[in-house]
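One structure is given below, encoded as structure tokens.
Since this is a predicted model, take the numbers as computed values, not measurements.
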Amino acid sequence: MDKIKRIEYLVEQLNIASDAYYSGKGEIMSNYEWDVMFDELEALEEETGFIMPNSPTHYISRSKDDDTLSSKEPHEFPALSLAKTKSITDLANWTEGRDVWVSWKLDGLTLVLTYDNGELVKILTRGNGITGTNITHFKNCIKGFPLRIPDNGHLVVRGEATISYKDFETINEISETAEKFANPRNLAAGTLSLDHSKKDIVKQRNVTFISFSLIFSDL
């Protein structure tokens, strides 16, 4: 297989796997397998200069909420994908001698919270990283953040809306539909894509916000 054909094959397989994952159909390849193929694709693209328009190396992966919700708004600060590495040396060089805090990967739905004059005024999903969906109507249904803070300025926080494995298993067990959610990430995304009239369901599923980045503060 020549390099161009290999690029076409990798793009196809990676996009099939991503679509399955984000649409709730389950994982057809492991994260490790996906990363290995992604790294190979990135190297081949750099070597050949051939980049397909739908290459996953050059567009932000779609979240499930991209098509299911309609109230779209642009992000004040783009919510782009995080960089990856498998090299301890690269990681050490990146830290430049600073102390580092390490955590398990939070696999849920990225949310961006905006506070003005101490009040939570907006919750946007990550969407495509440039435009997200306004789900502020669920602010009383999601755990993990205050509705008011002791800050009189403009403040933006990014974090992950997650559902625990314990709650995920319970919800799947009591589900009245034949179709089960594939993983907690899909359940979190599906829950926050429900109609605003389903607030009771959202609240019952214990969606919890875990902040990981202070994006902006007047201070």
Throw together a table of side-chain donor-acceptor distances under 3.5 angstrom for residues 142-155, partners on residues two or more places apart or in other chains.
unit_1	atom_1	unit_2	atom_2	d
Lys143	NZ	Asn206	OD1	2.9
Asp151	OD1	Gly153	N	2.7
His154	ND1	Asp116	OD1	2.5
His154	NE2	Glu76	OE1	2.8
His154	NE2	Glu76	OE2	3.1

Flag side-chain contact, heavy atom, 4.5 Å: Val207 against Cys141: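 No. Closest side-chain heavy atoms not under 4.5 Å.
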Can you tell me how far [atom2] of [Y] sits from [atom1] of [X], rounded to the nearest 0.5 angstrom?
{"X": "Glu160", "Y": "Asp107", "atom1": "CD", "atom2": "CG", "value": "7.0 Å"}
{"X": "Glu42", "Y": "Phe38", "atom1": "CD", "atom2": "CZ", "value": "5.0 Å"}
{"X": "Ser87", "Y": "Asn93", "atom1": "OG", "atom2": "CG", "value": "7.5 Å"}
{"X": "Leu120", "Y": "Thr114", "atom1": "CG", "atom2": "OG1", "value": "8.0 Å"}
{"X": "Lys203", "Y": "Thr191", "atom1": "NZ", "atom2": "OG1", "value": "15.0 Å"}
{"X": "Leu194", "Y": "Asp200", "atom1": "CG", "atom2": "CG", "value": "11.5 Å"}

Under the side chain to side chain contact (heavy atoms under 4.5 Å, CB included) rule, what do Ile130 and His75 come out as? Steps first, then yes or no, please. CA-CA 6 Å; Ile130 304 300; His75 284 291; 5.8 Å; no
Would Val156 and Leu113 count as a side chain to side chain contact (heavy atoms under 4.5 Å, CB included) here? Give the steps. CA-CA 6 Å; Val156 181; Leu113 276 56; over 6 Å; no
Test item: [X] side-chain N/O and [Y] main-chain N/O as donor-acceptor pair under 3.5 Å:
{"X": "Thr162", "Y": "Thr208", "answer": "yes"}
{"X": "Ser55", "Y": "Met52", "answer": "no"}
{"X": "Arg126", "Y": "Leu111", "answer": "no"}
{"X": "Asn15", "Y": "Asn54", "answer": "yes"}

Carboxylate-amine/guanidinium proximity below 4.0 Å for Arg205 and Asp167: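 Asp167 and Arg205: not salt-bridged.
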[X] and [Y]: same hydrophobic cluster, using ILVMFWY side-chain contacts below 4.5 Å?
{"X": "Phe209", "Y": "Ile135", "value": "yes"}
{"X": "Val112", "Y": "Phe212", "value": "no"}
{"X": "Leu41", "Y": "Ile4", "value": "yes"}
{"X": "Leu192", "Y": "Leu124", "value": "no"}
{"X": "Ile215", "Y": "Tyr115", "value": "no"}

Salt bridge (Lys or Arg N to Asp or Glu O under 4.0 Å) contacts in which one or both residues fall within residues 85-97, not counting sequence neighbours: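 Residue pairs passing salt bridge (Lys or Arg N to Asp or Glu O under 4.0 Å), neighbours aside: Asp39-Lys86, Glu96-Arg98.
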Can you see which heavy atom on [X] is nearest to which on [Y], and at what distance?
{"X": "Ala189", "Y": "Leu109", "value": "CA-CD2, 4.1 Å"}
{"X": "Ala161", "Y": "Ala188", "value": "O-CB, 3.7 Å"}
{"X": "Ile28", "Y": "Ile16", "value": "CD1-CG2, 3.6 Å"}
{"X": "Lys199", "Y": "His137", "value": "CE-O, 3.2 Å"}
{"X": "Lys122", "Y": "Thr136", "value": "CA-OG1, 3.4 Å"}
{"X": "Glu45", "Y": "Ile7", "value": "N-CD1, 4.2 Å"}

Starting from the C-alpha separation in whole Å, work towards a yes-or-no answer on side chain to side chain contact (heavy atoms under 4.5 Å, CB included) for Arg6 and Glu40. CA-CA 9 Å; Arg6 181 63 178 171; Glu40 181 186 357; 2.8 Å; yes
Test side chain to side chain contact (heavy atoms under 4.5 Å, CB included) on Glu169 and Asn172; report intermediate values, then the result. CA-CA 5 Å; Glu169 292 166 359; Asn172 259 350; 5.9 Å; no
Residues in ring-ring contact (aromatic ring centres under 6.0 Å, His included) with Phe138, at least two apart?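 Expected list: none.
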Anything under 30° is parallel, anything over 60° is perpendicular, the rest tilted; go ahead and classify Phe168 against Tyr165.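 Rings of Phe168 and Tyr165: perpendicular, as their planes differ by over 60°.
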Check whether the side chains of Thr131 and Glu73 place a donor and an acceptor atom closer than 3.5 Å, and report yes or no.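 No, no side-chain donor-acceptor contact under 3.5 Å.
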